[in-house]
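Structure, as structure tokens:
Source: prediction; values computed, not measured. Every number for a ligand or one of its atoms is a count from 1 in the order of the listing.
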Amino acid sequence: MDMRPIGVFDSGLGGLTAVHSLWQILPEETLIYFGDTARVPYGGRSRETILQYARQDVRFLRSFDLKAILIACGTVTTTSLPTLRAENDLPIVGVVEPACRRALAVSKNKRIGMIATQASVRSGAYEATLRQMNPEVEVVCKACPLLVPLVENGRYQPGDAVIETVAREYLEPLRQEGLDVLILGCTHYPLLTDIIREIMGPEVSLVNAGAESVHTLHDVLARRQ
Ligand code: DGL
């Protein structure tokens, strides 16, 4: 086994939801986690700024001798993944493809919702990936810009009136869409799973993009090792 660590990064603490899965699925691996909490949130910034930050994040992580990088951030994956892959000679896994694959596997009616940051929604990456995998799929995307700052400020517990009100405002319209799957396209959102499930109802399955990416990372490492 290659004993070098895996680098994991996000704009903040959201990527720790992927680390949680990493510890379960790849417990023998060593991780180096970078959360750019000085500059979070990324999601309201331009594509150019996000790419610039992402390059700096990768450069910092690569000051360690890594065997792979997990971009545990929807916003960086949707805006910067192809560029980062082209510029770096090590495996880089993002969250979009794994989440889309899982969503299509779980969905029966092929009406899939996706919530994420403004930059991720603007990129169209989740829709494009879902349509490429299944041209029949219907996709409803919604940006939820206030969720990341609230989570970063510790407002993610069920019973917190502020996060519950904001989440309901964003998600209530999605309830009318007849979705059977909702992709949590930002890695901060799994911290809101109970609140989101309460609003969306039990018939809507939630897909955790960060957790799904760890399965892909597992496969990539297994092939190389
Ligand atoms: N966890 C990041 C994501 O997946 C949050 C982005 C932000 O900082 O706005 O998109």
Listed by chain and number, what are the side-chain hydrogen bond (donor to acceptor under 3.5 Å, both in side chains) partners of E152, not counting sequence neighbours?
H188
Partners of Y126 by ring-ring contact (aromatic ring centres under 6.0 Å, His included), sequence neighbours excluded?
none
Please check if any side-chain donor atom of R45 sits under 3.5 Å from a side-chain acceptor atom of Q52, or the reverse.
no
Please tabulate, one pair per line, all N/O donor-acceptor pairs under 3.5 Å involving side-chain atoms of residues 64-71, not counting sequence neighbours.
| residue | atom | partner | partner atom | Å |
| --- | --- | --- | --- | --- |
| D65 | OD1 | R4 | NH1 | 3.3 |
| K67 | NZ | D2 | O | 2.7 |
| K67 | NZ | E29 | OE1 | 2.6 |
| K67 | NZ | E29 | OE2 | 3.2 |
| K67 | NZ | Q225 | OE1 | 3.1 |

Indicate whether the side chain of T49 and that of S46 have a donor and an acceptor atom separated by less than 3.5 Å.
yes
Taking only Lys NZ, Arg NE, NH1 and NH2, and the carboxylate oxygens of Asp or Glu, determine whether R168 and E164 approach each other closer than 4.0 Å.
no
Sorted by chain and number, the residues that approach ligand 1 to under 4.0 Å with a heavy atom
D10, S11, V40, P41, Y42, G43, C73, G74, T75, T117, V148, C186, T187, H188
